[in-house]
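This report refers to the structure that appears directly beneath it.
Every number for a ligand or one of its atoms is a count from 1 in the order of the listing.
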Amino acid sequence: MKEIVPSPPPIIRNQFETIRDLFSKNVVPSYGRFELAFSHGTDSHLFDVNGRRYLDLGGGIAVCALGHAHPAITEALVEQSRKLVHTSNFYYHAPQGRLAQALVNLIGPGKIFFCNSGGEANEGLFKLARKFGHDEGRFEVLTTLNSFHGRTLAGIAATGQDKVKKGFEPMVPGFRQVPYNDLNAMRSAISPATAAILIEGIQGEGGVTPASPEYLLGLRALCDEKKLLLLMDSVQCGHFRSGRFQSFQRILEGVPGGDAFLPDGISMAKSLGGGFPMGAFWVRAPYADLLSAGTHGTTYGGSPLACAVGLKVLEVIQREQLEANARNLGEFFKAGLQQLAVRHPDVIQTVRGLGLMVGIELAPDLVKLPGDSTKTPASRLAILLHAEGLLVIPAGTDIIRLLPALNLRPAEAKEGLDILAAVVAKLAA
Ligand SMILES: Cc1ncc(COP(=O)(O)O)c(C=O)c1O
């Protein structure tokens, strides 16, 4: 076939500056990017345009569940794209139905709506809450301080961090924040207008803070008592990252009454597509038909291509028992980092998290941290780690996160921990 689209001008290899220049001239500067440009990856390694190899413990912010260039994802993309990429949601197709069934089987009786991102999944939950409370004039969603729920207008109104709201006021009405893990604060905040409560099972951007079992069970009882929906944002902490499919399942393991716990809605994204952009939300059975025909939609959500990839990611995770891997390597990281924190309390203050969602809180006044003082300590440490060939994800000003692929190998986890230990020891010296 004759080529009708002209090829883009070739980017000369080894030219980081050329790529950065393309960005500074043509891309909206809404991200503070690191001085790195990647060309390809394999497993848990990424290669920059100069050919340097990095161990990726950031996993594209908890997205690359199977690492980079996993052959099963390539195969699913190729096979499905040969058959059917997109149809619109005017029609039925098998991959969406099968992925919905698989997710329902993993969570509990209910139904799934597919979309394209975490922010869009949360928007769906907000609309569910409004529809639920509408006839009684209830519309408010209570969320928590330090939460993060996406960058849409309702997402920033729901988020419990002022920095995402600044400059975009007035906020969408109907969202209020209370302290996390504080049941009394939530109870006191409920007003006649409240329709739902939304929390993350493990706060991610807010610094990797898990909900306590008492909080989860208490919120469930509170929502039942006050006739509110209990909604959970599992965009970052879901999809086996905690060592169970959902973080609440991990948090409530062995806790009396824990097995019976179910929220009323769950948003998902990130690892769901293993890098292919997709989101979804699950709604518990009694409310699963609230969003009736014509009330909510999206052009691309749940396309045959996205769902074929989602099914493949799930199949590999289950076949290779990656939830056990997440649990084991999570314990390995936490134990090693906790030892480091004991040895160097002037560098690491605390280590927390579950499975392969680990947060390292830096000591306050970490004066020895070199680098650009206009950058946060977390960013400066990330840059020091880049120099040693390790990628991590900053959260807030003084926390770095490890959110690696769920199929990270033990030897790679050790390599990452060794680099962290060497950099921390250098800072403490
Ligand atoms: C807990 C949580 N909710 C929602 C979002 C937004 O997801 P997305 O960036 O896919 O819109 C994120 C993204 O980091 C997140 O961590």
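- Protein residues are said to neighbour a ligand when one of their heavy atoms lies under 4.0 Å from it; for ligand 1 these are Ser117, Gly118, Gly119, Asn122, Phe148, His149, Gly150, Glu200, Glu205, Asp233, Val235, Gln236, Lys270.
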List the atom pairs, donor and acceptor, that lie under 3.5 Å between side-chain atoms in residues 126-133 and the rest of the protein, sequence neighbours left out.
| from | atom 1 | to | atom 2 | distance (Å) |
| --- | --- | --- | --- | --- |
| Lys127 | NZ | Thr295 | O | 3.1 |
| Lys127 | NZ | His296 | ND1 | 3.0 |
| Arg130 | NH2 | Pro173 | O | 3.0 |
| Lys131 | NZ | Leu290 | O | 3.4 |

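- Ring centroid separation for the pair Phe139 and His134 does not come in under the 6.0 Å cut-off.
- Formation of a donor-acceptor pair under 3.5 Å by the Thr194 side chain with backbone atoms of Ala196 is not found in this model.
- Side-chain N or O atoms of Lys270 include none that pairs as donor or acceptor with a backbone N or O of Val235 at under 3.5 Å.
- Side-chain contact annotation: Ser242 with Arg244, donor-acceptor N/O pair under 3.5 Å absent.
- No close placement of the Phe38 and Phe47 rings is indicated, their centers lying 6.0 Å or farther apart.
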